[in-house]
Participant: 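Before anything else, here's the structure in question.
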Amino acid sequence: MINITFPDNSVKAFEPGVTPLQVAESLSPQLAREVLAASVDGQEWDLSRPITADASLKLFKWEDPEGKHAFWHSSAHLLAEALQELFPGVKFGIGPAVESGFYYDIDPNGHQITAADFPAIEKKMLELARTKHPIVREEISKADALKMFGDRGEEYKCELISELEDGNITTYTQGAFTDLCRGPHLPDTAPIKAVKITSLAGAYWRGDATRNQLVRVYGITFPKQKMLDEYNALMEEAKKRDHRKLGKEMELFAFSQNVGAGLPLWLPKGAALRDRLEQFLRKIQKRYGYLQVITPHIGNKMLYVTSGHYAKYGKDSFQPIHTPEEGEEYLLKPMNCPHHCEIYRTSPRSYRDLPLRLAEFGTVYRYEQSGELHGLTRVRGFTQDDAHIFCAPEQIKDEFLKVMDIIFFIFKALKFENFEAQISLRDPANKEKYIGSDENWHLAEQAIIDACKEKGLNARQELGEAAFYGPKLDFMVKDAIGRRWQLGTIQVDYNLPERFQLEYTGADNQKHRPVMIHRAPFGSMERFVAVLLEHTAGHLPLWLAPEQVAVLPISEKFNDYAREVARQLEESDIRCTVDDRNEKIGRKIRDNQMRRMPYMLIVGEKEQENGEVSVRKSGEGDLGSMKIATFAENLAREVEEMTKF
RNA sequence: GCCGCAAUAGCUCAGUCGGUAGAGCAUUUCAUUCGUAACGAAAAGGUCGUGGGUUCGAGUCCCACUCGCGGCUCCA
């Protein structure tokens with residue numbers, strides 16, 4: 001007998017060779033029906049794979065990420081099997097599970113696969129799932145694997161196999177389909193009850209733009225049809241939150257073919273919203289000792305040669321602007337840092353001047369690839385809420401912590417609770433991609449790691465994600481359909497001070513080199529507004545809403561009183577409109593609700609007589625009547641509560 | 001930049017086999033003067049993204065470009 005230890009530390013004895021599925025059956029029939037995957041001694045394990053020695057066992061259901069992962073991974077194989085039947089001769093790349101669903105990359109080998117084929121693929125997948133073919137794991141030698149996939153002309157699989165270690169190669173087979181795969185998988189495909197092929201896209205083989213482009217078929221599956229219906233409803237809902245749609249509806253921003261792709265036009269309401277965000281951040285930054293500066297939108301090309309940006313990005317940027325005078329070249333500024341370095345250099349600096357914190361809402365232009373442009377989240381002209389902190393090396397951690405405080409405060413004020421943090425480090429195997437000394441890289445990376453630890457921030461560390469001049473800490477927020485966008489960023493830079501020969505005189509009367517911290521809590525005004533819109537579904541917090549109050553007269557007889565109410569509220573800096581259309585009150589309420597109006601004030605005979613307003617709050621309904629001044633005070637207090645720090 | 005898909009009224013969309021362009025909402029006018037989520041009637045609104053081609057005839061078929069969408073690659 002062998003001893004199986006469960007997560008609650010209880011131990012039960014089983015026959016050697018027992019499978020996780022059999023263990024589940026011995027515990028409860030319901031568990032056996034719901035279990036999808038397992039781990040044995042922390043290693044992913046098929047439900048049907050025998051356990052031969054004492055081990056600790058975890059069982060995963062749909063609710064567990066590991067359970068979904070196995071379900072979708074097996075679904076990817078099912079998709080491949082269906083594609084193999086429908087389009088004989090297609091060659092397979094890779095087919096993993098992803099955050100919501102799975103995909104398979106295929107070389108269509110002459111077949112034309114379009115969205116019109118989706119129903120047929122879905123039908124075939126369900127048909128195959130119902131055959132309940134077991135998914136069988138086999139260990140295979142490298143030579144046999146190469147022969148097997150080579151005979152079938154699976155060049156992509158062979159390339160993968162050739163890089164694997166012999167003795168460590170497994171295949172999984174269900175029905176007529178065998179795939180190179182590490183697993184784990186479901187015991188059979190029967191639990192896959194609902195299938196949706198979601199989209200089709202091109203994807204480079206192994207993510208390399210110089211190699212073949214394969215067709216990536218995306219799908220999602222569920223153990224119940226009802227769950228697919230819910231998923232579809234959720235996707236519909238998400239589409240309504242799309243910031244591009246909301247931006248148009250709410251008249252915040254627009255694009256024009258005549259201006260150019262990726263160059264947003266901020267409409268009056270959007271510009272006002274942006275301004276409120278800027279004022280908010282300015283106020284905080286003033287408190288933290290930042291000094292506002294303003295720098296031009298272009299700079300001499302030599303500035304970027306000095307910074308190193310020209311060598312790295314020159315070819316892929318907007319090209320230099322030539323002047324009537326021969327030989328002069330200017331670039332649209334792609335970042336603000338070199339300008340701020342020049343500000344630093346305008347006078348000799350002492351250690352007493354540090355940290356020097358220069359802030360600017362700086363508009364920059366970057367030639368992003370056309371296929372990459374996306375609403376306000378990826379544009380060619382945008383404004384960073386930028387600042388550069390010049391400090392002594394021993395001040396880094398302290399300054400870093402203060403920046404984190406600002407970011408946390410902003411996220412809290414705007415209720416971004418589900419953000420993720422990522423520490424982007426240098427890829428030690430690929431040092432030539434970066435500039436700067438090993439020692440400085442080490443110092444900078446350690447400063448970030450220590451600061452996160454001190455704040456108790458659970459940040460993921462990613463190798464190879466650093467900027468070419470230094471490591472960074474990024475904050476990510478998800479959009480309506482789960483795509484991750486980077487918002488706030490903090491970056492440590494030993495490089496630019498070196499390149500610009502920045503110095504300060506220390507207490508020892510010697511020259512020292514300062515360190516630079518780049519930081520942008522919003523990231524960019526454009527992207528931040530985009531994510532804010534999706535996050536709130538357009539229901540912006542009261543202090544940011546383009547219009548805070550609509551006054552709705554019951555009939556035209558009360559239009560004058562409504563205007564008087566609006567006038568008084570505007571005196572208290574409340575953003576107010578009067579809906580004096582010739583419509584019934586029900587209609588006005590509906591329309592203003594649809595426009596996401598935070599407050600509606602209904603005024604008729606009663607209110608006019610008493611100098612009152614009848615208050616209706618979005619999401620809460622009728623709050624009853626009160627004096628105009630009382631309402632104004634309440635609203636001011638509500639705004640104050642939201643933005644105080 | 002690459003792969004695939006789309007572009008019709010201000011918005012959302014329909015338009016069959018190639019035969020003179022349609023709906024709802026929004027807008028304007030008229031009527032109504034109304035108490036907490038849509039009163040009614042009428043009118044106006046389109047060089048079917050742009051440029052070429054095929055055809056007696058193109059919103060519809062073909063080509064190119066632009067813009068957009070979903071991914072990939074990239075993201076200072």
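What's counted below: heavy atoms across the whole structure, side chains too, no hydrogens, waters or symmetry copies. Letters A, B, ... mirror the listed sequences (proteins, then strands); counts begin at 1.
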Participant: From the set C34(B), G71(B), G1(B), return the single nucleotide nearest to any side-chain atom of Ser555(A).
Facilitator: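 Looking only at side-chain atoms, Ser555(A) lies closest to C34(B).
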Participant: Please classify the nucleic acid contact of Arg216(A) as base, sugar-phosphate, or nothing, using heavy-atom distances under 4.0 Å.
Facilitator: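 Sugar-phosphate contact only - Arg216(A) comes under 4.0 Å of backbone atoms but never of a base.
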Participant: Can you pull out the residues from residues 462-476 of chain A that lie within a 4.0 Å heavy-atom distance of RNA chain B?
Facilitator: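 Here the set is Ala467(A), Tyr469(A), Lys472(A).
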Participant: Base, sugar-phosphate or nothing for His374(A)? Non-hydrogen atoms, less than 4.0 Å.
Facilitator: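 The answer is sugar-phosphate, as His374(A) gets under 4.0 Å only of primed atoms, P, OP1 or OP2.
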Participant: Take the protein atom CG of Asn212(A) and the nucleotide atom C1' of C2(B), then report the distance between them rounded to whole Å.
Facilitator: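 Distance, rounded to whole Å: 12 Å.
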Participant: Determine: side-chain N/O of Arg244(A) to OP1/OP2 of C69(B), distance under 4.0 Å, yes or no.
Facilitator: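 Yes, Arg244(A) has a side-chain N/O under 4.0 Å of OP1/OP2 on C69(B).
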Participant: If you look at every strand shown and take non-hydrogen atoms under 4.0 Å, does Lys584(A) touch a base, only sugar-phosphate, or nothing?
Facilitator: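 It contacts base atoms.
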Participant: Nearest-Å distance, NZ (Lys301(A)) to P (A76(B))?
Facilitator: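 Between P of A76(B) and NZ of Lys301(A): 22 Å.
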Participant: Do Glu368(A) side-chain and C75(B) base share a donor-acceptor contact under 3.5 Å?
Facilitator: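 Under the 3.5 Å cut-off, the side chain and the base do not form any donor-acceptor pair.
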Participant: What does Lys606(A) touch in the nucleic acid at a heavy-atom separation under 4.0 angstrom: a base, only the sugar-phosphate, or nothing?
Facilitator: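 It contacts base atoms.
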Participant: For Ala261(A), answer base if it contacts any base atom (sugar-phosphate contacts may also be present), sugar-phosphate if it contacts only those atoms, and nothing otherwise; contact means non-hydrogen atoms under 4.0 Å.
Facilitator: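 Sugar-phosphate only.
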Participant: Is a donor-acceptor contact shorter than 3.5 angstrom present between the side chain of Arg587(A) and the base of A38(B)?
Facilitator: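 Between A38(B) and Arg587(A), which were checked side chain against base, a qualifying N/O pair under 3.5 Å is absent.
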Participant: Between A26(B) and G40(B), how far apart are the P atoms? Round to whole Å, please.
Facilitator: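 It works out to 10 Å between them.
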Participant: Let's test your reading of the model: under 3.5 Å, does the base of C74(B) pair with the side chain of Arg378(A) as donor and acceptor?
Facilitator: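 Side chain to base: pair found, below 3.5 Å.
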Participant: Any base atoms under 4.0 Å from Tyr103(A), or only sugar-phosphate, or nothing? Heavy atoms, all strands.
Facilitator: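 Touches nothing.
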Participant: For C34(B), does the base pair up with any side-chain atom of Asn582(A) as donor and acceptor (N or O, under 3.5 Å, distance only)?
Facilitator: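 Pair found.
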Participant: Answer yes if the ring centres of Phe475(A) and Phe416(A) are under 6.0 angstrom apart, and no otherwise.
Facilitator: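 Phe475(A) vs Phe416(A): aromatic centres not under 6.0 Å.
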Participant: Looking for any heavy atom pair under 4.0 Å, which part of the strands does Gly207(A) touch: base, sugar-phosphate only, or nothing?
Facilitator: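 Sugar-phosphate, backbone atoms only, no base.
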Participant: Looking at G35(B), I'd like to know if its phosphate oxygens (OP1 or OP2) sit under 4.0 Å from a side-chain N or O belonging to Arg616(A).
Facilitator: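 No, outside the criterion.
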